[in-house]
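This report concerns only the one structure given below.
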Amino acid sequence: MPSAVTMTSVSAQAALVSRPRSHGITSYGVLKASSSSVNFELGSSFLGKTTSLRASVTTRVVPKAKSAAQILPEASYKVAVLGAAGGIGQPLGLLIKMSPLVSELRLYDIANVKGVAADLSHCNTPSQVMDFTGPAELANCLKGVDVVVIPAGVPRKPGMTRDDLFNINAGIVKSLIEAVADNCPEAFIHIISNPVNSTVPIAAEILKQKGVYNPKKLFGVSTLDVVRANTFVAQKKDLKLIDVDVPVVGGHAGITILPLLSKTRPSVTFTDEETEELTKRIQNAGTEVVEAKAGAGSATLSMAYAAARFVESSLRALAGDPDVYECTYVQSELTELPFFASRVKIGKNGVESIISSDLEGVTDYEAKALEALKPELKASIEKGIEFAHKQQGAAASV
Ligand SMILES: NC(=O)c1ccc[n+]([C@@H]2O[C@H](COP(=O)([O-])OP(=O)(O)OC[C@H]3O[C@@H](n4cnc5c(N)ncnc54)[C@H](O)[C@@H]3O)[C@@H](O)[C@H]2O)c1
Ligand SMILES: O=C(O)C[C@H](O)C(=O)O
């Protein structure tokens, strides 16, 4: 049975909740994307820092006058993590537990989730932690949630591609999305499970089969590519990390990961050698971690950080922040491919617009890389769609 293991004192929020001055949405600053169009001045975050985040997209938004409801910190969102006892799930649970915007953190896994929930529940932050084990408890986990994050599935070992995970993870994502469709079709869905290039199209097809597909609310989490690109560029160019924002487009595997270095903010120039070196490093960063872990899995901590940032962005969008931009892999008309990662504006109802300007005026290197990634990305999308159709056909013939 699911169990509610804690409810902490709201006064404990004081140390966690940031108090934005130019805007009313509470957030913990270090996880905030730097791709907003207004300057945010965030007060004390959970690290006790004051962070000022610079404008980096062209449209300027004038912040509206604050209402009482905006000024007060509100922990009112329910977030479910499916695969919560795993390498990503555990630190992700911790980071979400630290969010001042979350009222309920629901943790689901096929095993070992009780202990994770008991452990997290002792943190004196506002959210209530609940655990759910196995398919019989999945529906209760999902009912009424605002955001579902899916890191369930197997990770790579050295020598494997993300596509080598398809045979196991496609089925896992399919069954979890069926439950999402039945229990919380209105929720934002964040897919982390690899191969993201295929698992997102699978999810879209399953949601269509269930008659509840909303392309604005289905997101492939490619935030880690942006996090890595920002880190590597800041290191290479000796820039202040918090200011750097590199859009990463395409997909989330090998050459389909395309950092648009020419669009880096603040504006910075790269030699051809630097472009080549940084692009390759960003594309191979997942493999760099897989090899360093030598069989013990793939990126978990940086992934949890990136996923928590994407959750936080989604919650701020749901809370009415008019200025939320993230790169994410979504249904898209930006190219001839039906799914494509790019910067999008996220609002209360999900994707509000896809930012096309990043693909305008790219360098020859980027234009060639964009064309080169399309066949692989197309094949991965088609593989996902075909899988979902076959499953539907198999179910119909039983
Ligand atoms: N999108 C990205 O940028 C990115 C980054 C890193 C990892 N990943 C992917 O995330 C996935 C998880 O990685 P990890 O390191 O956390 O793996 P892990 O093996 O440590 O954890 C996976 C968890 O999923 C659970 N699980 C398996 N089947 C399940 C099901 N049917 N329902 C619910 N839970 C289930 C397992 O019990 C386990 O706890 C992998 O596919 C990995 O490739 C994606
Ligand atoms: O590399 C992997 O297999 C995991 C993830 O996709 C990553 O980019 O770290």
Side-chain angles (χ1 to χ4, degrees), residues 80-93 106-117 131-139 141-142 148-180 190-200 202-203 219-229 231 248 250-254 256-257 259 281-293 295-311 326-329 341 380:
V81 179
L82 313 185
I88 296 167
Q90 292 199 36
L92 176 57
R106 305 201 188 163
L107 304 176
Y108 173 81
D109 208 304
I110 48 175
N112 304 325
V113 76
K114 250 187 193 338
V116 175
D131 63 273
F132 302 85
T133 304
E137 294 184 3
L138 183 53
C141 169
L142 292 172
V148 185
V149 192
I150 307 185
V154 291
R156 282 199 284 165
K157 289 193 187 319
M160 293 172 84
T161 66
R162 292 176 182 83
D163 186 59
D164 291 336
L165 305 171
F166 186 99
N167 288 345
I168 299 179
N169 289 353
I172 293 174
V173 169
K174 173 188 172 281
S175 64
L176 294 174
I177 291 293
E178 283 169 347
V180 169
H190 296 183
I191 305 234
I192 294 173
S193 318
N194 270 317
V196 168
N197 289 355
S198 302
T199 51
V200 172
I202 290 173
F219 305 89
V221 182
S222 58
T223 324
L224 182 53
D225 299 317
V226 174
V227 164
R228 287 168 169 158
T231 304
V248 183
H252 177 72
T256 72
I257 300 168
R281 176 142 192 237
I282 294 159
Q283 290 174 335
N284 291 329
T287 307
E288 188 179 314
V289 178
V290 168
E291 283 169 1
K293 290 199 174 180
S298 56
T300 53
L301 303 173
S302 52
M303 182 60 238
Y305 170 82
R309 163 176 152 170
F310 197 65
V311 168
E326 287 283 2
C327 285
T328 170
Y329 180 65
S380 300

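Atoms within a ligand are numbered from 1 in the order they appear, just like the ligands themselves.
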Distance from [atom] to nearest protein heavy atom, with residue and atom:
atom	answer
atom 44 (C) of ligand 1	Ile192 O, 3.0 Å
atom 35 (C) of ligand 1	Ala152 CB, 3.6 Å
atom 43 (O) of ligand 1	Asn194 ND2, 2.9 Å
atom 33 (C) of ligand 1	Tyr108 CE2, 3.4 Å
atom 12 (C) of ligand 1	Pro151 O, 2.9 Å
atom 25 (C) of ligand 1	Asp109 OD1, 3.2 Å
atom 15 (O) of ligand 1	Thr300 CG2, 3.5 Å
atom 19 (O) of ligand 1	Pro155 CD, 3.5 Å

Using a 4.0 Å cutoff against the non-hydrogen atoms of [X], which atoms of ligand 1 qualify?
X	answer
Gly87	16 (O), 18 (P), 20 (O), 21 (O)
Ala299	6 (C), 7 (C)
Val196	1 (N)
Leu165	43 (O)

May I ask whether [X] places a heavy atom under 4.0 Å from ligand 2?
X	result
Leu224	yes
His252	yes
Arg228	yes

Counting both backbone and side chain atoms, is some N or O of Val154 under 3.5 Å from an N or O of ligand 1? yes
- prompt: After noting the C-alpha distance and the side-chain angles of Tyr329 and His252, does the key distance pass the ring pair (Phe, Tyr, Trp, His ring centres under 6.0 Å) rule?
  reply: CA-CA 8 Å; Tyr329 180 65; His252 177 72; 9.1 Å; no
Could you list the atoms of ligand 2 found under 4.0 angstrom from a heavy atom of [X]?
X	result
Arg156	1 (O), 2 (C), 3 (O)
Ser298	2 (C), 3 (O), 4 (C)
Gly286	1 (O), 7 (C), 8 (O), 9 (O)
Ala299	9 (O)

Open item on the list: Are any of the N/O atoms on Asn194, whether in the backbone or the side chain, positioned under 3.5 angstrom from an N/O atom of ligand 2?
Closed with: yes
At under 4.0 Å between heavy atoms, what of Met303 touches ligand 2? The answer is neither
Logged contact type for Glu288 with ligand 2, heavy-atom cut-off 4.0 Å, is neither
Tested for side chain to side chain contact (heavy atoms under 4.5 Å, CB included) against Val248, the lone hit among Leu224, Thr223, Val226 is Val226
Which residue from [options] reaches closest to [atom] through any of its heavy atoms?
atom	options	value
atom 17 (O) of ligand 1	Gly153, Gly171, Gly86, Gly297	Gly153
atom 3 (O) of ligand 1	His252, His190, Arg228	His252
atom 8 (O) of ligand 2	Glu291, Arg162, Gln283, Lys293	Arg162
atom 7 (C) of ligand 1	Ile88, Leu301, Asn169, Val116	Ile88

Below a 4.0 angstrom heavy-atom separation, can you tell me which part of [X], side chain or backbone, both or neither, approaches ligand 1?
X	answer
Ile172	side chain
Val221	backbone
Leu176	side chain

message: Tell me whether Ala85 reaches ligand 1 (any heavy atom closer than 4.0 angstrom to a ligand atom).
response: yes
The residue among Asp163, Thr161, Asp164, Thr287 that forms side-chain hydrogen bond (donor to acceptor under 3.5 Å, both in side chains) with Arg156 is Thr287
